[in-house]
2 protein chains.
Amino acid sequence: MNAHPLVLIVEDEPDIADLLEAYLRRDGFRTERASDGSSAVSLHRVARPDLVLLDVNIPDFDGFEVLQKIRASAQTPVIMVTAMAEDLDKLLGLKLGADDYVVKPFSPLEVVARVKAVLRRVGMQAAAQPLRFADLELDPLAVRVRVGNTRVDTTLTEYRILEHLLRHPNRTFTRGELLDVALPESDALERVIDTHLGNLRKKLEQAGMPDIIETVRGMGFRLCLE
Amino acid sequence: MNAHPLVLIVEDEPDIADLLEAYLRRDGFRTERASDGSSAVSLHRVARPDLVLLDVNIPDFDGFEVLQKIRASAQTPVIMVTAMAEDLDKLLGLKLGADDYVVKPFSPLEVVARVKAVLRRVGMQAAAQPLRFADLELDPLAVRVRVGNTRVDTTLTEYRILEHLLRHPNRTFTRGELLDVALPESDALERVIDTHLGNLRKKLEQAGMPDIIETVRGMGFRLCLE
DNA sequence: CAGAATCTTGAATATTTCTTGACCAAGCCT
DNA sequence: AGGCTTGGTCAAGAAATATTCAAGATTCTG
(Lines give C-alpha, C1' and ligand atoms only; values in the text may rest on other atoms or scores of the structure.)
Protein backbone atom coordinates (compact mmCIF):
# COMPACT_ATOMS: atom_id res chain seq x y z
CA MET A 1 0.00 0.00 0.00
CA ASN A 2 1.22 3.40 -1.02
CA ALA A 3 2.18 6.16 1.40
CA HIS A 4 -0.31 8.37 -0.43
CA PRO A 5 -3.75 6.85 -0.12
CA LEU A 6 -5.93 6.88 -3.19
CA VAL A 7 -9.38 8.37 -2.88
CA LEU A 8 -12.04 7.74 -5.50
CA ILE A 9 -14.34 10.75 -5.81
CA VAL A 10 -17.75 9.91 -7.24
CA GLU A 11 -19.49 13.17 -7.94
CA ASP A 12 -21.23 14.53 -11.00
CA GLU A 13 -20.87 18.24 -10.30
CA PRO A 14 -17.43 19.13 -11.60
CA ASP A 15 -17.06 22.17 -9.35
CA ILE A 16 -17.51 20.15 -6.23
CA ALA A 17 -15.29 17.39 -7.49
CA ASP A 18 -12.59 19.95 -8.26
CA LEU A 19 -12.83 21.40 -4.83
CA LEU A 20 -12.58 18.06 -3.10
CA GLU A 21 -9.74 17.02 -5.31
CA ALA A 22 -7.80 20.17 -4.58
CA TYR A 23 -8.14 19.83 -0.84
CA LEU A 24 -7.38 16.15 -0.76
CA ARG A 25 -4.30 16.56 -2.89
CA ARG A 26 -3.05 19.34 -0.75
CA ASP A 27 -3.10 16.92 2.11
CA GLY A 28 -1.20 14.26 0.31
CA PHE A 29 -3.91 12.07 -1.16
CA ARG A 30 -4.01 10.81 -4.69
CA THR A 31 -7.41 11.00 -6.34
CA GLU A 32 -9.45 9.47 -9.09
CA ARG A 33 -12.81 10.69 -10.32
CA ALA A 34 -16.00 9.18 -11.61
CA SER A 35 -19.15 11.06 -12.44
CA ASP A 36 -21.71 8.31 -12.76
CA GLY A 37 -22.60 5.00 -11.24
CA SER A 38 -21.25 2.53 -13.72
CA SER A 39 -17.90 4.22 -14.17
CA ALA A 40 -17.62 4.46 -10.41
CA VAL A 41 -18.00 0.72 -10.10
CA SER A 42 -15.56 -0.11 -12.86
CA LEU A 43 -13.03 2.42 -11.63
CA HIS A 44 -13.26 0.93 -8.23
CA ARG A 45 -12.51 -2.46 -9.63
CA VAL A 46 -9.53 -1.24 -11.59
CA ALA A 47 -7.99 1.44 -9.38
CA ARG A 48 -8.52 -0.26 -6.02
CA PRO A 49 -8.83 2.99 -4.07
CA ASP A 50 -8.22 3.11 -0.36
CA LEU A 51 -11.44 5.01 0.17
CA VAL A 52 -14.47 6.12 -1.81
CA LEU A 53 -16.25 9.45 -1.47
CA LEU A 54 -19.65 8.69 -2.89
CA ASP A 55 -22.35 11.16 -3.81
CA VAL A 56 -25.85 9.74 -3.60
CA ASN A 57 -27.29 11.68 -6.51
CA ILE A 58 -25.40 10.64 -9.58
CA PRO A 59 -26.60 9.63 -13.04
CA ASP A 60 -26.84 6.10 -14.31
CA PHE A 61 -27.52 4.40 -11.03
CA ASP A 62 -27.46 6.00 -7.68
CA GLY A 63 -25.09 5.97 -4.78
CA PHE A 64 -26.95 3.26 -2.93
CA GLU A 65 -26.52 0.82 -5.74
CA VAL A 66 -22.89 1.73 -6.18
CA LEU A 67 -22.28 1.12 -2.54
CA GLN A 68 -23.95 -2.24 -2.79
CA LYS A 69 -21.91 -3.31 -5.76
CA ILE A 70 -18.70 -2.17 -4.20
CA ARG A 71 -19.45 -4.01 -1.04
CA ALA A 72 -20.21 -7.13 -2.97
CA SER A 73 -16.56 -7.45 -3.85
CA ALA A 74 -14.56 -5.49 -1.31
CA GLN A 75 -14.58 -3.83 2.08
CA THR A 76 -13.23 -0.50 0.81
CA PRO A 77 -14.27 2.25 3.21
CA VAL A 78 -16.99 4.49 1.80
CA ILE A 79 -18.11 7.94 2.85
CA MET A 80 -21.50 8.91 1.50
CA VAL A 81 -22.27 12.46 0.43
CA THR A 82 -25.88 13.56 0.33
CA ALA A 83 -27.58 16.77 -0.60
CA MET A 84 -30.53 16.38 1.69
CA ALA A 85 -31.04 15.38 5.23
CA GLU A 86 -33.88 13.10 4.12
CA ASP A 87 -31.45 10.92 2.24
CA LEU A 88 -29.59 10.52 5.42
CA ASP A 89 -32.59 8.86 7.01
CA LYS A 90 -32.83 6.51 4.12
CA LEU A 91 -29.14 5.73 4.34
CA LEU A 92 -29.22 5.03 7.99
CA GLY A 93 -32.33 2.94 7.61
CA LEU A 94 -30.79 0.78 4.95
CA LYS A 95 -27.86 -0.10 7.11
CA LEU A 96 -25.81 -0.55 4.02
CA GLY A 97 -22.65 -0.02 5.87
CA ALA A 98 -21.17 3.23 4.73
CA ASP A 99 -18.39 4.26 7.07
CA ASP A 100 -19.44 7.86 7.41
CA TYR A 101 -21.83 10.43 6.01
CA VAL A 102 -21.48 14.01 4.94
CA VAL A 103 -24.37 16.35 4.19
CA LYS A 104 -24.16 19.14 1.64
CA PRO A 105 -23.35 21.88 1.88
CA PHE A 106 -20.13 20.82 3.50
CA SER A 107 -16.82 22.38 4.09
CA PRO A 108 -14.04 20.64 2.18
CA LEU A 109 -11.90 20.81 5.27
CA GLU A 110 -14.48 18.84 7.14
CA VAL A 111 -14.57 16.22 4.43
CA VAL A 112 -10.82 15.88 4.47
CA ALA A 113 -10.95 15.50 8.23
CA ARG A 114 -13.48 12.71 7.92
CA VAL A 115 -11.49 10.96 5.25
CA LYS A 116 -8.52 10.99 7.54
CA ALA A 117 -10.61 9.77 10.46
CA VAL A 118 -11.99 6.83 8.52
CA LEU A 119 -8.59 5.86 7.20
CA ARG A 120 -7.15 6.06 10.65
CA ARG A 121 -9.91 3.81 11.87
CA VAL A 122 -9.05 1.21 9.31
CA GLY A 123 -5.40 1.62 10.10
CA MET A 124 -3.96 3.81 7.45
CA GLN A 125 -2.15 7.06 7.75
CA ALA A 126 -2.66 10.04 5.55
CA ALA A 127 0.52 11.32 4.04
CA ALA A 128 1.03 15.00 4.00
CA GLN A 129 2.74 16.25 0.92
CA PRO A 130 6.03 17.95 1.55
CA LEU A 131 6.19 21.59 0.61
CA ARG A 132 9.02 22.50 -1.69
CA PHE A 133 10.77 25.49 -3.01
CA ALA A 134 14.00 24.95 -4.85
CA ASP A 135 16.23 23.07 -2.43
CA LEU A 136 14.05 23.84 0.51
CA GLU A 137 11.82 21.02 1.64
CA LEU A 138 9.38 21.11 4.44
CA ASP A 139 7.68 17.99 5.72
CA PRO A 140 4.46 18.70 7.62
CA LEU A 141 4.19 15.21 9.00
CA ALA A 142 7.66 15.03 10.37
CA VAL A 143 7.68 18.74 11.14
CA ARG A 144 11.09 18.95 9.67
CA VAL A 145 12.99 21.15 7.28
CA ARG A 146 15.76 20.20 4.90
CA VAL A 147 17.82 22.06 2.39
CA GLY A 148 19.08 19.62 -0.16
CA ASN A 149 20.56 16.87 1.92
CA THR A 150 21.28 18.69 5.12
CA ARG A 151 18.57 18.86 7.68
CA VAL A 152 17.79 22.14 9.32
CA ASP A 153 17.04 21.95 12.98
CA THR A 154 14.23 24.38 13.64
CA THR A 155 12.14 24.90 16.69
CA LEU A 156 8.40 24.41 16.33
CA THR A 157 7.71 28.12 16.12
CA GLU A 158 10.34 28.63 13.50
CA TYR A 159 8.86 25.74 11.57
CA ARG A 160 5.36 27.17 11.77
CA ILE A 161 6.43 30.54 10.55
CA LEU A 162 8.29 29.01 7.66
CA GLU A 163 5.41 26.74 6.75
CA HIS A 164 2.99 29.61 6.72
CA LEU A 165 5.23 31.74 4.58
CA LEU A 166 5.78 28.85 2.21
CA ARG A 167 2.07 28.18 1.88
CA HIS A 168 1.51 31.78 0.86
CA PRO A 169 4.55 32.69 -1.11
CA ASN A 170 5.25 36.33 -1.87
CA ARG A 171 2.52 37.56 0.34
CA THR A 172 3.52 40.01 3.01
CA PHE A 173 2.47 39.22 6.56
CA THR A 174 2.43 41.50 9.52
CA ARG A 175 4.07 40.42 12.72
CA GLY A 176 0.63 40.09 14.23
CA GLU A 177 -0.46 37.58 11.63
CA LEU A 178 2.68 35.53 12.01
CA LEU A 179 2.29 35.58 15.76
CA ASP A 180 -1.24 34.23 15.38
CA VAL A 181 -0.01 31.44 13.21
CA ALA A 182 3.06 30.46 15.14
CA LEU A 183 2.10 31.17 18.73
CA PRO A 184 -1.69 31.45 18.83
CA GLU A 185 -2.13 31.33 22.57
CA SER A 186 0.72 33.57 23.41
CA ASP A 187 0.41 37.17 24.44
CA ALA A 188 3.96 38.01 23.68
CA LEU A 189 4.95 41.28 22.10
CA GLU A 190 4.94 41.34 18.34
CA ARG A 191 8.67 41.85 18.44
CA VAL A 192 9.29 38.20 19.29
CA ILE A 193 8.70 37.50 15.66
CA ASP A 194 11.84 39.44 14.86
CA THR A 195 13.84 37.18 17.08
CA HIS A 196 12.35 33.97 15.78
CA LEU A 197 12.74 35.13 12.25
CA GLY A 198 16.31 36.11 12.94
CA ASN A 199 17.08 32.65 14.24
CA LEU A 200 15.32 31.05 11.32
CA ARG A 201 17.25 33.14 8.86
CA LYS A 202 20.51 32.25 10.47
CA LYS A 203 19.74 28.54 10.27
CA LEU A 204 18.59 28.76 6.69
CA GLU A 205 21.67 30.68 5.73
CA GLN A 206 23.95 28.14 7.35
CA ALA A 207 22.16 25.49 5.36
CA GLY A 208 22.89 27.41 2.20
CA MET A 209 19.62 29.18 1.65
CA PRO A 210 20.10 32.84 2.47
CA ASP A 211 17.83 35.75 1.71
CA ILE A 212 14.58 33.92 1.09
CA ILE A 213 12.77 35.85 3.74
CA GLU A 214 12.54 39.51 2.93
CA THR A 215 11.55 42.21 5.30
CA VAL A 216 9.02 44.75 4.14
CA ARG A 217 9.87 47.74 6.22
CA GLY A 218 6.87 49.21 7.97
CA MET A 219 4.76 46.15 7.20
CA GLY A 220 6.22 42.78 7.95
CA PHE A 221 7.85 39.94 6.11
CA ARG A 222 7.43 37.79 3.07
CA LEU A 223 8.96 34.75 1.52
CA CYS A 224 10.20 35.61 -1.89
CA LEU A 225 10.01 32.99 -4.60
CA GLU A 226 11.78 33.63 -7.90
CA MET B 1 -20.26 49.58 0.17
CA ASN B 2 -21.96 52.28 2.13
CA ALA B 3 -20.19 54.00 5.00
CA HIS B 4 -22.79 52.32 7.20
CA PRO B 5 -22.90 48.68 6.29
CA LEU B 6 -26.27 46.95 6.40
CA VAL B 7 -26.55 43.86 8.55
CA LEU B 8 -29.46 41.47 8.18
CA ILE B 9 -30.28 39.88 11.51
CA VAL B 10 -32.09 36.56 11.19
CA GLU B 11 -33.28 35.58 14.64
CA ASP B 12 -36.65 34.48 15.97
CA GLU B 13 -36.21 35.50 19.58
CA PRO B 14 -37.11 39.19 19.69
CA ASP B 15 -35.06 39.88 22.81
CA ILE B 16 -31.88 38.68 21.22
CA ALA B 17 -32.63 40.46 17.98
CA ASP B 18 -33.21 43.69 19.91
CA LEU B 19 -29.93 43.30 21.70
CA LEU B 20 -27.94 42.69 18.56
CA GLU B 21 -29.66 45.52 16.82
CA ALA B 22 -28.88 47.95 19.60
CA TYR B 23 -25.22 47.10 19.70
CA LEU B 24 -24.77 47.09 15.98
CA ARG B 25 -26.49 50.43 15.58
CA ARG B 26 -24.41 51.93 18.30
CA ASP B 27 -21.40 51.04 16.20
CA GLY B 28 -22.75 52.64 13.09
CA PHE B 29 -24.34 49.71 11.33
CA ARG B 30 -27.75 49.79 9.74
CA THR B 31 -29.89 46.74 10.43
CA GLU B 32 -32.77 44.74 9.04
CA ARG B 33 -34.55 41.89 10.74
CA ALA B 34 -36.13 38.62 9.73
CA SER B 35 -37.52 36.02 12.08
CA ASP B 36 -37.96 33.01 9.84
CA GLY B 37 -36.30 31.33 6.91
CA SER B 38 -38.42 32.45 4.03
CA SER B 39 -38.56 36.09 5.02
CA ALA B 40 -34.81 35.96 5.54
CA VAL B 41 -34.28 34.83 1.98
CA SER B 42 -36.64 37.37 0.48
CA LEU B 43 -35.28 40.19 2.61
CA HIS B 44 -31.82 39.26 1.52
CA ARG B 45 -32.88 39.50 -2.08
CA VAL B 46 -34.52 42.88 -1.63
CA ALA B 47 -32.29 44.63 0.89
CA ARG B 48 -28.93 43.34 -0.34
CA PRO B 49 -27.25 43.48 3.03
CA ASP B 50 -23.49 43.63 3.38
CA LEU B 51 -23.55 40.84 5.91
CA VAL B 52 -26.03 38.35 7.40
CA LEU B 53 -26.16 37.27 11.01
CA LEU B 54 -27.96 33.97 10.77
CA ASP B 55 -29.39 31.92 13.58
CA VAL B 56 -29.50 28.22 12.84
CA ASN B 57 -32.70 27.48 14.71
CA ILE B 58 -35.43 29.48 13.09
CA PRO B 59 -38.92 28.52 11.97
CA ASP B 60 -39.95 27.75 8.42
CA PHE B 61 -36.66 26.38 7.23
CA ASP B 62 -33.42 26.36 9.10
CA GLY B 63 -30.24 28.36 8.91
CA PHE B 64 -28.41 25.91 6.73
CA GLU B 65 -31.04 26.09 4.05
CA VAL B 66 -31.13 29.84 4.24
CA LEU B 67 -27.37 29.89 3.85
CA GLN B 68 -27.65 27.65 0.82
CA LYS B 69 -30.28 29.79 -0.81
CA ILE B 70 -28.38 32.96 -0.14
CA ARG B 71 -25.20 31.49 -1.53
CA ALA B 72 -27.03 30.35 -4.61
CA SER B 73 -27.43 33.95 -5.65
CA ALA B 74 -24.76 35.94 -3.88
CA GLN B 75 -21.50 35.80 -1.95
CA THR B 76 -22.80 37.90 0.92
CA PRO B 77 -20.76 37.12 4.03
CA VAL B 78 -22.69 35.13 6.61
CA ILE B 79 -22.02 34.62 10.28
CA MET B 80 -23.90 31.70 11.75
CA VAL B 81 -25.29 31.77 15.25
CA THR B 82 -25.92 28.45 16.93
CA ALA B 83 -27.24 27.41 20.29
CA MET B 84 -25.33 24.18 20.47
CA ALA B 85 -21.74 23.28 20.10
CA GLU B 86 -22.75 20.19 18.12
CA ASP B 87 -23.96 22.29 15.24
CA LEU B 88 -20.49 23.63 15.09
CA ASP B 89 -19.24 20.50 13.42
CA LYS B 90 -21.33 21.30 10.45
CA LEU B 91 -20.13 24.85 10.37
CA LEU B 92 -16.45 24.21 10.68
CA GLY B 93 -14.13 24.83 7.83
CA LEU B 94 -15.88 28.00 6.81
CA LYS B 95 -14.79 27.50 3.24
CA LEU B 96 -17.98 26.48 1.57
CA GLY B 97 -20.33 27.63 4.21
CA ALA B 98 -20.35 30.48 6.62
CA ASP B 99 -17.61 33.02 7.10
CA ASP B 100 -17.64 32.75 10.82
CA TYR B 101 -19.77 31.39 13.61
CA VAL B 102 -20.85 32.35 17.07
CA VAL B 103 -22.15 30.06 19.79
CA LYS B 104 -24.87 31.09 22.20
CA PRO B 105 -24.75 32.42 24.76
CA PHE B 106 -22.63 35.16 23.27
CA SER B 107 -21.59 38.61 24.27
CA PRO B 108 -23.01 41.20 21.89
CA LEU B 109 -19.67 42.95 21.87
CA GLU B 110 -18.04 39.82 20.61
CA VAL B 111 -20.58 39.55 17.85
CA VAL B 112 -19.96 43.11 16.79
CA ALA B 113 -16.24 42.44 16.78
CA ARG B 114 -16.71 39.45 14.51
CA VAL B 115 -18.96 41.36 12.18
CA LYS B 116 -16.25 43.91 11.82
CA ALA B 117 -13.59 41.29 11.35
CA VAL B 118 -15.49 39.54 8.60
CA LEU B 119 -16.26 42.76 6.81
CA ARG B 120 -12.64 43.73 7.02
CA ARG B 121 -11.63 40.37 5.62
CA VAL B 122 -14.07 40.68 2.78
CA GLY B 123 -13.00 44.22 2.06
CA MET B 124 -9.47 43.01 1.84
CA GLN B 125 -10.44 40.29 -0.55
CA ALA B 126 -11.80 42.90 -2.84
CA ALA B 127 -8.44 44.57 -2.61
CA ALA B 128 -6.57 41.39 -3.31
CA GLN B 129 -6.40 41.27 -7.09
CA PRO B 130 -3.28 42.71 -8.56
CA LEU B 131 -3.69 46.11 -10.15
CA ARG B 132 -2.39 46.42 -13.66
CA PHE B 133 -1.64 49.03 -16.19
CA ALA B 134 0.28 47.95 -19.25
CA ASP B 135 3.49 46.41 -17.91
CA LEU B 136 3.01 47.86 -14.50
CA GLU B 137 1.74 45.42 -11.90
CA LEU B 138 0.99 46.11 -8.31
CA ASP B 139 0.21 43.29 -5.91
CA PRO B 140 -1.57 44.41 -2.76
CA LEU B 141 -1.08 41.09 -0.98
CA ALA B 142 2.60 40.97 -1.64
CA VAL B 143 2.90 44.75 -1.33
CA ARG B 144 5.14 44.76 -4.32
CA VAL B 145 5.54 46.44 -7.67
CA ARG B 146 6.81 45.01 -10.89
CA VAL B 147 7.26 46.26 -14.39
CA GLY B 148 7.21 43.33 -16.72
CA ASN B 149 9.62 40.90 -15.16
CA THR B 150 11.73 43.22 -13.12
CA ARG B 151 10.78 44.00 -9.60
CA VAL B 152 10.67 47.57 -8.50
CA ASP B 153 11.88 48.07 -4.99
CA THR B 154 9.73 50.75 -3.47
CA THR B 155 9.42 51.95 0.07
CA LEU B 156 6.05 51.52 1.70
CA THR B 157 5.10 55.16 1.20
CA GLU B 158 6.04 55.08 -2.42
CA TYR B 159 3.99 51.93 -2.79
CA ARG B 160 0.98 53.52 -1.13
CA ILE B 161 1.11 56.57 -3.33
CA LEU B 162 1.34 54.46 -6.43
CA GLU B 163 -1.47 52.18 -5.33
CA HIS B 164 -3.73 55.11 -4.68
CA LEU B 165 -2.99 56.69 -8.01
CA LEU B 166 -3.55 53.39 -9.76
CA ARG B 167 -6.87 52.86 -8.06
CA HIS B 168 -8.11 56.22 -9.27
CA PRO B 169 -6.52 56.62 -12.65
CA ASN B 170 -6.55 60.02 -14.32
CA ARG B 171 -7.84 61.74 -11.29
CA THR B 172 -5.69 64.55 -9.96
CA PHE B 173 -4.76 64.52 -6.30
CA THR B 174 -3.43 67.36 -4.23
CA ARG B 175 -0.33 66.86 -2.18
CA GLY B 176 -2.51 66.96 0.90
CA GLU B 177 -4.62 64.06 -0.27
CA LEU B 178 -1.61 61.95 -1.16
CA LEU B 179 -0.05 62.74 2.19
CA ASP B 180 -3.20 61.50 3.91
CA VAL B 181 -3.11 58.29 1.97
CA ALA B 182 0.55 57.53 2.29
CA LEU B 183 1.48 58.96 5.67
CA PRO B 184 -1.74 59.41 7.62
CA GLU B 185 -0.16 60.02 10.99
CA SER B 186 2.53 62.31 9.82
CA ASP B 187 2.52 66.06 10.13
CA ALA B 188 5.19 66.63 7.58
CA LEU B 189 5.09 69.47 5.10
CA GLU B 190 3.20 68.81 1.92
CA ARG B 191 6.35 69.12 -0.06
CA VAL B 192 7.58 65.72 1.13
CA ILE B 193 5.29 64.34 -1.51
CA ASP B 194 7.48 65.95 -4.13
CA THR B 195 10.44 64.06 -2.82
CA HIS B 196 8.65 60.73 -2.58
CA LEU B 197 7.16 61.17 -5.99
CA GLY B 198 10.54 62.08 -7.35
CA ASN B 199 12.04 58.91 -5.97
CA LEU B 200 9.13 56.87 -7.25
CA ARG B 201 9.43 58.37 -10.71
CA LYS B 202 13.11 57.64 -10.78
CA LYS B 203 12.56 54.01 -9.87
CA LEU B 204 9.77 53.57 -12.38
CA GLU B 205 11.87 55.12 -15.07
CA GLN B 206 14.77 52.83 -14.34
CA ALA B 207 12.37 49.92 -14.65
CA GLY B 208 11.31 51.18 -18.05
CA MET B 209 8.11 52.97 -17.23
CA PRO B 210 8.75 56.70 -17.45
CA ASP B 211 6.26 59.52 -17.50
CA ILE B 212 3.24 57.77 -16.05
CA ILE B 213 2.86 60.24 -13.26
CA GLU B 214 2.03 63.68 -14.55
CA THR B 215 2.17 66.86 -12.57
CA VAL B 216 -0.75 69.22 -12.74
CA ARG B 217 0.72 72.58 -12.04
CA GLY B 218 -0.95 74.43 -9.19
CA MET B 219 -2.98 71.33 -8.27
CA GLY B 220 -1.07 68.16 -7.73
CA PHE B 221 -0.44 64.93 -9.57
CA ARG B 222 -2.21 62.24 -11.49
CA LEU B 223 -1.50 58.91 -13.00
CA CYS B 224 -2.25 59.05 -16.65
CA LEU B 225 -3.76 55.98 -18.28
CA GLU B 226 -4.95 56.00 -21.85
C1' DC C 1 13.62 17.72 40.31
C1' DA C 2 17.42 19.10 37.47
C1' DG C 3 18.94 20.18 33.01
C1' DA C 4 17.95 21.39 28.45
C1' DA C 5 15.60 23.66 25.10
C1' DT C 6 12.83 27.25 23.78
C1' DC C 7 10.51 31.54 24.28
C1' DT C 8 10.47 36.36 25.72
C1' DT C 9 12.28 40.76 26.77
C1' DG C 10 14.88 44.86 26.65
C1' DA C 11 18.91 47.26 25.37
C1' DA C 12 22.45 48.32 22.08
C1' DT C 13 23.34 48.62 17.28
C1' DA C 14 22.59 48.99 12.51
C1' DT C 15 19.88 50.17 8.70
C1' DT C 16 16.44 52.32 6.03
C1' DT C 17 13.31 55.72 5.25
C1' DC C 18 11.48 60.30 5.98
C1' DT C 19 11.92 65.16 6.25
C1' DT C 20 13.81 69.47 5.59
C1' DG C 21 15.82 73.30 3.45
C1' DA C 22 18.55 75.09 -0.08
C1' DC C 23 19.13 75.58 -4.74
C1' DC C 24 18.03 75.24 -9.51
C1' DA C 25 14.80 74.70 -13.43
C1' DA C 26 10.56 75.30 -15.64
C1' DG C 27 6.15 77.43 -16.43
C1' DC C 28 3.30 81.62 -16.20
C1' DC C 29 2.02 86.45 -16.34
C1' DT C 30 2.41 91.21 -17.45
C1' DA D 1 12.14 89.50 -21.54
C1' DG D 2 12.02 89.73 -16.58
C1' DG D 3 10.08 88.74 -12.41
C1' DC D 4 7.33 85.66 -9.80
C1' DT D 5 5.46 81.28 -8.68
C1' DT D 6 5.64 76.47 -8.63
C1' DG D 7 7.95 72.05 -9.17
C1' DG D 8 12.27 69.10 -9.23
C1' DT D 9 16.58 67.52 -7.17
C1' DC D 10 19.83 66.78 -3.82
C1' DA D 11 22.18 65.90 0.40
C1' DA D 12 22.37 65.98 5.35
C1' DG D 13 20.21 65.28 9.60
C1' DA D 14 16.28 63.29 12.10
C1' DA D 15 13.25 59.73 12.96
C1' DA D 16 11.50 55.35 12.53
C1' DT D 17 12.20 50.64 12.15
C1' DA D 18 14.77 46.33 12.04
C1' DT D 19 18.47 43.25 13.72
C1' DT D 20 21.35 41.28 17.04
C1' DC D 21 22.54 39.84 21.40
C1' DA D 22 22.42 38.30 25.99
C1' DA D 23 20.05 37.36 30.00
C1' DG D 24 15.88 35.92 32.43
C1' DA D 25 11.46 33.27 32.30
C1' DT D 26 9.09 29.46 30.96
C1' DT D 27 8.24 25.00 29.33
C1' DC D 28 9.58 20.46 28.24
C1' DT D 29 12.04 16.02 29.32
C1' DG D 30 14.16 12.51 31.34
Side-chain angles (χ1 to χ4, degrees), chain A residues 142-145 151-165 172-206 209-224, chain B residues 142-145 151-165 172-206 209-224:
Chain A
V143 188
R144 187 192 289 170
V145 182
R151 43 183 293 191
V152 183
D153 227 17
T154 65
T155 72
L156 189 55
T157 0
E158 287 156 15
Y159 174 87
R160 288 203 186 116
I161 293 175
L162 187 56
E163 172 171 343
H164 192 66
L165 292 175
T172 297
F173 293 95
T174 64
R175 281 168 242 268
E177 291 172 305
L178 293 176
L179 194 57
D180 267 1
V181 169
L183 298 151
E185 302 300 307
S186 160
D187 51 356
L189 306 177
E190 289 194 344
R191 285 278 153 195
V192 276
I193 293 297
D194 293 32
T195 303
H196 290 302
L197 230 78
N199 296 336
L200 185 54
R201 276 170 165 162
K202 200 185 302 167
K203 289 175 185 179
L204 286 174
E205 178 168 7
Q206 271 170 5
M209 193 120 235
D211 310 327
I212 354 178
I213 299 171
E214 300 182 339
T215 116
V216 181
R217 188 163 252 258
M219 262 266 118
F221 303 88
R222 82 182 141 216
L223 186 104
C224 170
Chain B
V143 189
R144 195 166 51 174
V145 182
R151 357 183 339 179
V152 183
D153 235 15
T154 63
T155 72
L156 192 56
T157 18
E158 286 157 15
Y159 173 88
R160 289 202 182 117
I161 292 175
L162 187 56
E163 173 170 346
H164 191 68
L165 292 175
T172 299
F173 293 95
T174 65
R175 282 169 242 268
E177 290 172 308
L178 293 177
L179 195 56
D180 265 1
V181 169
L183 298 150
E185 305 296 307
S186 161
D187 51 356
L189 307 177
E190 290 196 343
R191 291 296 304 272
V192 275
I193 292 297
D194 291 32
T195 303
H196 289 303
L197 262 167
N199 296 336
L200 185 53
R201 277 169 164 164
K202 199 187 303 169
K203 289 175 185 179
L204 286 175
E205 177 169 7
Q206 270 171 5
M209 194 118 236
D211 310 326
I212 351 179
I213 299 171
E214 299 182 340
T215 115
V216 181
R217 184 161 251 262
M219 259 273 116
F221 303 87
R222 87 182 138 210
L223 186 100
C224 169

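Numbers restart at 1 for each chain; the letters A, B, ... are given by sequence-line order, proteins then strands.
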Verify the contact: side-chain N or O of A:T155 to OP1 or OP2 of C:dC7, cut-off strictly under 4.0 Å; return yes or no.
-> yes
Contact class for A:L189 vs. all strands (heavy atom < 4.0 Å): base, sugar-phosphate, or nothing?
-> sugar-phosphate
Across all chains, not counting sequence neighbours, the side-chain hydrogen bond (donor to acceptor under 3.5 Å, both in side chains) partners of A:E163 are A:Y159, A:R167
For the pair made of NZ in B:K203 and P in D:dG8, what is the distance, rounded to whole Å?
-> 17 Å
Compare the minimum distances between each of D:dT6, C:dT15, D:dT20 and the side chain of B:R217, then state the nucleotide with the smallest one.
-> D:dT6
Looking only at C:dT8, D:dG8, C:dG21, the nucleotide nearest the A:A188 side chain is C:dT8
Whole-Å distance separating the CD atom of B:E158 from the P atom of C:dT16 | 14 Å
Using a cut-off of strictly less than 4.0 Å, decide whether B:S186 has a side-chain nitrogen or oxygen near OP1 or OP2 of C:dT19.
-> yes
Rounding to a whole Å, what distance do you find between A:R201:CZ and C:dT15:P?
-> 14 Å
If you look at every strand shown and take non-hydrogen atoms under 4.0 Å, does A:L197 touch a base, only sugar-phosphate, or nothing?
-> nothing
Check step by step if side-chain contact (heavy atoms from CB on, under 4.5 Å) holds for B:R144 and A:R222.
-> CA-CA 10 Å; B:R144 195 166 51 174; A:R222 82 182 141 216; 3.7 Å; yes
Rounding to a whole Å, what distance do you find between B:L183:CG and D:dT17:P?
-> 10 Å
Winner on side-chain proximity to B:T195, out of D:dG7, C:dG21, C:dT6, is C:dG21
Atom CG of B:N199 and atom P of C:dT17 are separated, to the nearest Å, by 10 Å
Has B:R175 got a side-chain N or O lying under 4.0 Å from the OP1 or OP2 atom of D:dG7?
-> yes
Short question: side chain of A:T174, backbone of A:M219 - any donor-acceptor pair under 3.5 Å?
-> no
To the nearest angstrom, how far is A:L156 atom CG from C:dT8 atom P?
-> 12 Å
Under 4.0 Å between a side-chain N or O of B:K202 and OP1 or OP2 of D:dC10?
-> yes
Rounded distance (Å) that lies between atom P of C:dC7 and atom OH of A:Y159 = 15 Å
Close side-chain approach of A:R175 to A:D194, heavy-atom, < 4.5 Å = yes
Just compare C:dT20, D:dG8, D:dT19 and give me whichever is closest to any side-chain atom of B:D194.
-> D:dG8
Check each of B:L165, B:T155, B:L162, B:I212 against B:L200 using the side chain to side chain contact (heavy atoms under 4.5 Å, CB included) test, and report the only one that passes.
-> B:L162
Let me know the distance between CD1 of A:I161 and C1' of C:dC7, rounded to the nearest Å.
-> 11 Å
So, is A:H196 near the phosphate of C:dT6, with a side-chain N or O under 4.0 Å from OP1 or OP2?
-> no
Do B:R191 side-chain and D:dG8 base share a donor-acceptor contact under 3.5 Å?
-> yes
